[in-house]
Amino acid sequence: MILYNSLGQTKQEFVPHSPEKVNMYTCGPTVYHYAHIGNLRTYIMEDVLEKYLRFSGYNVNRVMNITDVGHLTSDADTGEDKMLAGAKREHKSVLEIAKFYTDAFFEDCAKLNIKRPDVVEPATNCIDDFINMISVLLDKGYAYVSGGNVYFDTSKLDTYYVFGNMNEEDLAVGVRDSVEEDKNKRNKTDFVLWFTKSKFDSQELKWDSPWGVGYPGWHIECSSISCKHNGEYLDIHCGGIDNAFPHHTNEIAQSEAFLGHKWCGYWFHVLHLNDARGKMSKSKGDFLTVSLLESKGYNPLVYRMFCLQSHYRKPLTFSYESLDNTAKAYDKLIGRISALSKDGVAVKEKAQPFICAFKEALDNDLNTSLGLTCVYDVLKSDLDDATKLFVIGEFDKVLSLDLTEGKPAKTQSVSDNEASAEIEALIAQRTQARADKDWATADAIRDRLREMNVVLEDTKDGIKWHYEK
């Protein structure tokens, strides 16, 4: 399996620290509000990665934190605690907010067929673990106390920004606010491990510590929770690309200082989901949720398929037109599969070439778009129906689109053949590629449709197609 590793910015063969065992960590939500569909794109792709690793024979231990304290609105050391802001907004306690939005997050995950991680750990469960890690960092000289807070001293590192695509001026911009507001730091890139009353005296959740009553910084949470449940060696750390700096950068700094050796071998970052206003963000006020899509009549799995049609390392542009095209493709695909005969016994020997093709697609940096194409290749093949259902069922262990369980929409005719289903899928992919300004992919799909003698027509109701006469 070849994966793009953000640590080094190259594609690399995936080799876990221990054979057949993968320790995996995914940054969980800060549970102060609903997750928007941009957040959930990251969790969908992490879910596919985990399921494909299991499909490939690995024993995976996936750990996820729940941030219910310590995450400030700047993602660094400035602004208000997001949990406190959520509590003020809804006139509830922080713990009430955390419980409500944690439950809402996992309800959304269930609708999107995102598997619950093996370990889900709220930060507030691990205060003693954070204090222990901070104490070790102080003993080793990697941390210092200033103004009542505990800071990590980045000057003790040979290299701070290990992802390698930011220069010193970029770093200065990224931390300028914290330099202006926090005079206790020795260096502009230092970050807080533990806050005391010198930050927020009104903080609702506070604990005793050797440095005074306070609460942990956001970055220490993930390092400590991962070490607690995955041990000293982490194979894959996942998250959105916006977490690379400062969050993941700080995780690496403190984890390797604490452990005394390299911590994580592979970093898997998913790029942004954009809408007409740019990157999708809660800070813009109105944002798209799974519940909103459902209220408009969309099956949440249509959004999952929408994400799988694009590569996780490409920005993805959301529009209802693109989602409508995906919905048509999904309905036709489900209709074609549901029309297959359930009688007979699968011939697994004949299935192997198709499964190998699927593995080849996913082994190439998790190419889910090509993985979806493999489904259409099975439908077009001369395999008997029972073997087709078996192969597609195997694919769906990773894709998780309910391909062999779903029912077609009421408007879907089971007489639609596999060519029609494939054409709708290609049109949806081409529409998305154009929205993402991925002209090479869009042109390649256009050429493929021409080879199939398909003519596209733009109408007020969207793109229509017919065969060239």
Side-chain angles (χ1 to χ4, degrees), residues 25-35 39 43 61-77 79-109 116-137 143 148-152 191-230 237 239 243 247-248 250-251 254-255 258 282:
Y25 187 88
T26 54
C27 284
T30 300
V31 284
Y32 73 106
H33 216 320
Y34 292 107
N39 302 140
Y43 294 111
N61 184 49
R62 182 181 174 199
V63 179
M64 176 188 285
N65 70 305
I66 298 292
T67 297
D68 51 3
V69 68
H71 189 176
L72 306 189
T73 52
S74 71
D75 286 354
D77 295 333
E80 187 176 21
D81 185 293
K82 290 186 176 184
M83 296 303 301
L84 189 61
K88 289 178 179 177
R89 182 187 68 240
E90 301 188 19
H91 306 290
K92 296 178 181 178
S93 72
V94 168
L95 291 179
E96 287 173 332
I97 289 289
K99 174 68 166 60
F100 180 85
Y101 287 113
T102 298
D103 291 344
F105 171 75
F106 284 113
E107 287 170 7
D108 285 344
C109 287
R116 189 183 180 96
D118 303 281
V119 177
V120 176
E121 185 78 272
T124 49
N125 283 0
C126 302
I127 300 303
D128 289 344
D129 300 288
F130 305 151
I131 290 173
N132 176 66
M133 181 173 276
I134 294 168
S135 298
V136 171
L137 291 171
N149 299 328
V150 185
Y151 296 86
F152 186 92
F191 55 93
V192 176
L193 302 172
W194 186 269
F195 290 111
T196 64
K197 64 180 181 180
S198 64
K199 187 64 179 178
F200 298 124
D201 195 31
S202 61
Q203 182 74 7
E204 184 176 330
L205 298 180
K206 293 180 283 190
W207 295 265
D208 288 327
S209 81
W211 319 287
V213 175
Y215 60 98
W218 177 38
H219 312 299
I220 197 69
E221 297 174 10
C222 287
S223 292
S224 184
I225 289 171
S226 179
C227 288
K228 179 178 180 179
H229 294 290
N230 273 323
H237 194 307
N243 287 152
H247 185 46
H248 292 163
N250 292 347
E251 280 189 63
Q254 65 201 5
S255 297
F258 172 75
K282 295 186 181 73

CA sep, side-chain torsions, deciding dist, call: Ile131, Trp194, side chain to side chain contact (heavy atoms under 4.5 Å, CB included): CA-CA 8 Å; Ile131 290 173; Trp194 186 269; 4.1 Å; yes

Phe258 vs Ser223, side chain to side chain contact (heavy atoms under 4.5 Å, CB included): CA-CA, chis, key distance, verdict: CA-CA 10 Å; Phe258 172 75; Ser223 292; over 6 Å; no

Chi angles and distances behind the side chain to side chain contact (heavy atoms under 4.5 Å, CB included) call for Glu251, Cys27: CA-CA 11 Å; Glu251 280 189 63; Cys27 284; 3.9 Å; yes

Intermediate values then yes/no, side chain to side chain donor-acceptor pair (under 3.5 Å), Asp129 and Ser224: CA-CA 6 Å; Asp129 300 288; Ser224 184; 5.1 Å; no

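Once rounded to the nearest 0.5 Å, the distance linking NE2 of His71 with CG of Asn65 reads 10.5 Å. Here the straight-line distance linking atom CZ of Arg89 with atom OH of Tyr32 works out to 8.0 Å at 0.5 Å rounding. If you take CH2 on Trp211 and OG1 on Thr196, they are separated by 11.0 Å, rounding to the nearest 0.5 Å. The distance from atom OG of Ser135 to atom CG of Leu193, rounded to the nearest 0.5 Å, is 10.5 Å. For the atom pair Asn243 CG and Asn250 CG, the distance stands at 11.0 Å (nearest 0.5 Å). Atom CD1 of Ile220 sits about 10.5 Å away from atom CD1 of Ile225, to the nearest 0.5 Å.
A donor-acceptor pair is defined here as one N or O able to donate and one able to accept, closer than 3.5 Å; no such pair exists between the side chain of Asp81 and the backbone of Leu72.
For Ile66 against Phe106, the heavy-atom pair with the smallest separation is CD1-CE1, 4.1 Å. When all heavy atoms of Pro216 and Trp207 are compared, the pair lying nearest together is CD-CZ3, 4.1 Å. When every heavy atom of Phe152 is checked against every heavy atom of Gln254, the shortest pair comes out as CE1-CA, 3.7 Å. Minimum interatomic distance between Glu221 and Gly217 (heavy atoms only, all atoms of both residues): CG-O, 3.6 Å. Nearest approach of Val31 to Met83, heavy atoms of both residues: O-CE, 3.3 Å. Contact detail for Ala87 and Ile97: the closest heavy-atom pair is CA-CG1, 3.7 Å.
Residues passing the ring pair (Phe, Tyr, Trp, His ring centres under 6.0 Å) test with Phe130, sequence neighbours excluded: none.
Using a 4.5 Å heavy-atom threshold, the side chains of Val94 and Asp68 count as separate. Annotation: side chain of Met64 is in contact with side chain of Tyr43 (closest heavy-atom distance under 4.5 Å).
In this pair, His33 and Tyr101 present their aromatic rings tilted. The plane angle is within the 30 to 60° band.
For Lys99, the NZ atom counts as loosely surrounded, since its 6.0 Å shell holds 12 or fewer non-hydrogen atoms of other residues, nucleotides or ligands.
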